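These numbers were taken from a predicted model, which means no experiment stands behind them.
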Amino acid sequence: MPKLADEETAYSAELIVSEPVGNAVRYRAPPLQLRLIHERMPTCEVSDAATRSG
């Protein structure tokens, strides 16, 4: 499997993701979903049962 990010980038991503995920765990309804998308720019989406359509 190819290496996706260097150590500094991986650490930064972990810090960026930890805040919205931590808030979702504390204040939202399970199940939670985390989506990491890397297209033109990296995107992090956190959703819960109340924010998903279906």
Side-chain angles (χ1 to χ4, degrees):
M1 185 161 144
K3 188 173 183 179
L4 300 176
D6 60 48
E7 196 170 314
E8 183 178 345
T9 301
Y11 180 74
S12 295
E14 181 181 345
L15 288 176
I16 292 167
V17 168
S18 67
E19 181 69 20
V21 169
N23 287 340
V25 167
R26 281 186 206 92
Y27 304 114
R28 304 305 291 184
L32 303 173
Q33 180 179 33
L34 171 66
R35 291 182 65 210
L36 299 175
I37 305 161
H38 186 107
E39 290 178 356
R40 289 184 309 178
M41 67 166 39
T43 303
C44 171
E45 298 176 353
V46 180
S47 61
D48 69 352
T51 58
R52 278 190 231 133
S53 61

Looking only at heavy atoms, what is the nearest atom pair of [X] and [Y], with distance?
{"X": "D48", "Y": "A29", "value": "CB-O, 3.1 Å"}
{"X": "P30", "Y": "A49", "value": "O-CB, 3.6 Å"}
{"X": "R28", "Y": "L32", "value": "CB-CD2, 4.2 Å"}
{"X": "V46", "Y": "A24", "value": "CG1-CB, 3.5 Å"}

*Is it the case that one hydrophobic cluster holds both V17 and V25, taking links as side-chain heavy atoms less than 4.5 Å apart, direct or via other members?*
yes
*asked:* Through direct or indirect side-chain contacts below 4.5 angstrom among Ile, Leu, Val, Met, Phe, Trp and Tyr, which residues connect to Y11?
replied: L15
*Could you give the distance from CD (E7) to OG (S12), rounded to the nearest 0.5 Å?*
11.0 Å
